[in-house]
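Letters go in sequence order (proteins before strands), and every chain restarts at 1.
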Amino acid sequence: MAKAASSKRSSPEKDATASPPPTPNRPRPPEPKRHKADKAEMLEYYRQMLLIRRFEERAGQLYGLGLIGGFCHLYIGQEAVAVGLQSAMDFSKDSVITGYRDHGHMLAYGIDPKVIMAELTGREAGISKGKGGSMHMFSVEHKFYGGHGIVGAQVPLGAGLAFKHKYAGDGGVCLAYFGDGAANQGQVYEAFNMASLWALPIIFVIENNQYAMGTSVNRASAEDQLYKRGESFRIPGLQVDGMDVLEVRGAATTALEWVRSGKGPILLELKTYRYRGHSMSDPAKYRSREEVQAVRDKSDPIEALKRELEKAGVSEDELKSIDKDIRAIVAESADFAEQSPEPDPSELYTDVLVESY
Amino acid sequence: MTIEIKMPALSPTMEEGTLAKWLVKEGDTVSSGDILAEIETDKATMEFEAVDEGTVAKILIPEGTDEVKVGTVIAVLAGEGEDASAAAEAPAKPEPKAVQEEAPAPESGEPTKMETGARNLVASVEKAEIRDPEVPEGTEMVRMTVREALRDAMAEEMRTDDRVFVMGEEVAEYQGAYKVTQGLLEEFGDRRVIDTPITEYGFAGVGTGAAMGGLRPIVEFMTFNFAMQAIDHIINSAAKTNYMSGGQMRIPIVFRGPNGAAARVAAQHSQNFAAWYAHVPGLVVIAPYSAADAKGLMKAAIRSEDPVVFLENELMYGQSFDVPKLDDYVLPIGKARIAREGKDVTFVSYSIGVGVALDAAGKLAEEGIEAEVVDLRTLRPLDRETVLKSLAKTNRIVCVEEGWPTCSISAEIAAIAMEEGFDDLDAPVLRVTNVDVPLPYAANLEKLALVKVEDVVAAAKKVCYR
Ligand SMILES: Cc1ncc(C[n+]2csc(CCOP(=O)(O)OP(=O)(O)O)c2C)c(N)n1
């Protein structure tokens with residue numbers, strides 16, 4: 001029955017990069033190498049992660065002011081995952097799909113913060129015309145396929161996008177994100193089997209932020225080393241430190257090489273952490289304040305990169321000016337989202353079906 | 001720059017809260033992510049984090065203050081390079097009352113009291129009055145929420161029958177995503193109150209199998225939207241087995257959880273599945289309105305030998321009603337109830353729709369139209385007799401349903417009225433329901449999409465030719 005919490009769970013900063021034992025007689029990708037980024041590249045990652053952080057903080061604040069309603073899941077703490085992975089993708093042909101915790105992935109794909117924030121406030125200018133809200137955002141233009149509210153649903157959907165890439169021979173790869181909680185849904189394994197059987201070009205990404213709502217990984221998963229979950233489908237898995245954007249980027253390169261060379265799917269488990277509650281109304285009593293604080297202090301992805309940038313000779317002033325720019329962008333998006341009008345009442349009836357009958 | 005820190009709304013329904021504890025003091029410097037205070041909302045105690053950086057210049061609302069309205073300035077932060085003591089003087093005195101009043105077009109940054117359809121539904125429920133003719137005169141009543149009533153019903157049944165257990169996502173340690181299973185883990189332990197992984201199809205099957213084996217599972221779906229992952233077991237495994245086995249194999253299971261629209265959660269999280277399940281022979285489907293009915297019918301559902309789909313409603317969980325203080329308050333399955341008597345028109349509804357119907361009945365009474373409100377309570381088997389009796393009395397039916405109109409419970413009522421009560425009808429049966437579109441997120445559209453009291457009033461007048 002319900003398994004008691006055991007000491008098996010490891011903190012994200014420890015053994016995050018423990019390498020999986022090779023399975024004999026099966027080809028495996030090489031061990032990923034930490035990405036060697038130059039200063040300009042690091043600054044870009046820093047900028048993107050900071051944009052996500054400040055955007056999410058602002059979204060939290062707008063929720064508190066009653067401008068955002070319903071469920072709103074923030075990405076704070078997990079920024080390095082979306083930024084590290086998506087920076088390796090080819091925006092012109094690759095696709096991305098994720099769950100409801102989707103703001104960060106959209107920002108990392110360069111989608112305008114204004115239309116994302118306007119969707120959060122449910123306005124006409126929002127990317128889904130205000131009809132989807134925080135959990136349901138899409139941008140076909142950016143090959144960003146959502147934004148799905150049903151836990152696990154995005155995994156077979158992602159396999160379907162990969163199916164299309166293969167079918168059309170367009171050279172694209174699908175990046176399908178899901179959580180440690182979602183990793184227990186049956187449809188995930190149905191998708192694994194088909195993706196492997198048909199050698200679909202897909203990277204399955206488990207964002208293991210340690211908790212599915214109030215349930216820690218080891219209370220919900222018989223095998224809590226989630227990178228192993230693809231093994232019986234012959235999908236190789238890699239465990240990656242998701243708090244280090246350069247480690248993430250390195251793993252993305254390895255994964256993409258594997259998939260692009262036609263070897264079929266690969267599974268990445270990104271060990272990360274969410275600082276805030278599951279959604280805005282989660283009191284987060286299932287973990288201690290000290291636990292959260294320890295991660296913030298020791299493994300914050302933005303602070304870590306900041307230290308690296310300082311070592312590389314970037315001045316404090318330069319970092320401050322980035323911070324200022326980002327704050328301005330976020331403030332502008334919030335103003336835009338507050339001031340845009342609500343959707344026209346006639347929108348209630350549009351988009352239900354495409355055609356008229 | 002001086003930054004005003006305002007009392008946040010930490011849930012869509014929160015209007016005020018208790019400032020339980022300050023975790024910073026005047027003079028402290030804070031940066032984004034630091035926890036400023038603990039705030040008690042209508043549901044839980046939450047931590048409130050700083051978004052801006054600066055020095056705490058002044059704390060305006062002391063800890064321990066109750067009923068702090070959302071939007072009240074609770075502290076002032078001095079921005080970088082600003083003198084904290086000057087900042088403390090600068091802002092005008094906080095005016096907690098200002099937010100209470102219906103603010104005119106709020107300035108940017110002011111808290112906006114969101115006008116949503118869900119809020120309107122709740123307002124109807126709060127206004128509505130019901131009487132309970134079934135409880136013997138003189139019975140002592142206790143005021144309790146629907147949430148508490150459901151919890152008590154489960155706990156009482158678990159105390160008397162060891163075969164009853166509860167399973168679902170976050171039902172044990174987290175005390176339920178909507179706190180319906182609060183305290184059950186503590187009382188019954190983890191043998192009987194079981195947290196599952198997020199795997200609806202799997203645990204609905206496990207529950208059904210356990211029922212086949214002789215246990216009496218209560219399977220909680222965090223919401224019925226997620227039960228769509230499990231609908232195969234509910235229908236193919238639970239509903240049909242008794243029949244297919246020639247009566248050998250029973251499935252005494254309760255599938256329960258919130259159903260219907262909640263506030264601003266958009267299309268995938270706001271659906272009423274009543275008609276879906278009520279369609280299926282082999283299932284019992286219950287959708288109560290009041291706390292008393294929730295309790296009495298939940299106890300009956302747990303005791304039933306049949307698979308029961310028990311549809312709760314998130315917007316109703318926090319609503320309070322009188323519940324009879326009886327040792328064993330069990331209600332009959334399959335019996336509707338007259339929630340309000342009237343002679344001019346019959347409203348037929350269930351779940352939160354009953355609140356809308358009662359609210360409309362109150363408004364109509366002011367205009368001299370006496371509406372009778374039938375609360376179906378059980379949707380399958382449906383109490384045709386009560387509906388037809390009321391029709392014979394009023395000669396008019398308006399169905400009220402928080403759900404889509406097409407192939408709905410309302411459609412079923414209309415068919416029954418026509419097939420079995422045709423001679424009693426003085427006007428066509430009308431349906432007042434949600435608009436036939438997926439539920440939108442935007443506040444204004446959501447309001448337009450959900451069933452409305454005004455439409456019920458208009459429909460009643462129409463069938464009364466007034
Ligand atoms: C099928 C289904 N079941 C339950 C839910 C409710 N729910 C939403 S998020 C969530 C937790 C998911 O956790 P995880 O997959 O780890 O992702 P995270 O939220 O940590 O990003 C649950 C149970 C849902 N949306 N869909």
*Start with the C-alpha gap between A:Q61 and B:D52, add the side-chain angles, then the distance that decides, and say whether side chain to side chain contact (heavy atoms under 4.5 Å, CB included) holds.*
CA-CA 10 Å; A:Q61 197 179 40; B:D52 301 289; 3.6 Å; yes
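- Side-chain contact between A:K131 and B:P438 is absent, with no heavy-atom pair separated by less than 4.5 Å.
- In this pair, A:F71 and B:H269 present their aromatic rings perpendicular. The plane angle is above 60°, beyond the 30 to 60° band.
- Per-residue counts of heavy-atom pairs under 4.5 Å with chain B were compared for A:M280, A:R327, A:H278, A:M213; the largest is that of A:M213.
- Nearest heavy-atom pair, B:A443 versus A:E342, reported as atom, atom and distance to 0.1 Å: CB-OE2, 3.9 Å.
- In terms of heavy atoms, B:A449 sits closest to A:L348 at CB-CD1, 3.8 Å.
- Of the two parts of B:E169, neither the backbone nor the side chain holds a non-hydrogen atom closer than 4.5 Å to a non-hydrogen atom of chain A.
- In this structure, chain A has a heavy atom under 4.5 Å from the side chain of B:Y174, while its backbone stays farther away.
- B:D34 pairs by the salt bridge (Lys or Arg N to Asp or Glu O under 4.0 Å) definition with nothing, not counting sequence neighbours.
- Contacts between B:E446 and chain A at a heavy-atom distance below 4.5 Å are absent for every atom of the residue.
- Contact annotation for B:I39: neither backbone nor side-chain heavy atoms come within less than 4.5 Å of a heavy atom of chain A.
- Contact annotation for A:R54: only side-chain heavy atoms (C-beta onward) come within less than 4.5 Å of a heavy atom of chain B.
- Contact tally against chain A (heavy-atom pairs below 4.5 Å) for B:E170, B:E200, B:M228: the top residue is B:E170.
- The choice from A:D282, A:V151, A:L62, A:D351 that makes the most heavy-atom pairs within less than 4.5 Å of chain B is A:D282.
- For the set A:G152, A:G130, A:S128, the count of heavy-atom pairs under 4.5 angstrom toward chain B peaks at A:G130.
- Between chain B and the residues A:A220, A:P283, A:A334, the most heavy-atom pairs under 4.5 angstrom are made by A:P283.
- Only the side chain of B:V435 comes within contact range of chain A, judged by heavy atoms closer than 4.5 Å.
- Looking at A:Y286, the atoms closer than 4.5 Å to chain B (heavy atoms on both sides) all sit in the side chain, from C-beta outward.
- Contacts with chain A were tallied for B:S32, B:A266, B:G202; B:S32 has the most, counting heavy-atom pairs under 4.5 Å.
- In this structure, chain A has a heavy atom under 4.5 Å from the backbone of B:M7, while its side chain stays farther away.
- Counting heavy-atom pairs closer than 4.5 Å to chain B, the top-ranked of the candidates A:R276, A:Q187, A:R123 is A:R276.
- Heavy atoms closer than 4.5 Å to chain B are found nowhere in A:L353, neither backbone nor side chain.
- Between B:Q268 and A:H136 there is a side-chain heavy-atom pair separated by less than 4.5 Å.
- Among all heavy-atom pairs drawn from B:Y441 and A:T121, the shortest one is CE2-C, 4.1 Å.
- Not one N or O on the side chain of B:D195 forms a donor-acceptor pair closer than 3.5 Å with the backbone of A:R219.
- For chain A, the option among B:L448, B:T199, B:V265, B:I198 with the highest count of heavy-atom pairs below 4.5 Å is B:I198.
- The candidate with the highest count of non-hydrogen atom pairs below 4.5 Å against chain A, out of B:P440, B:P197, B:A262, is B:P197.
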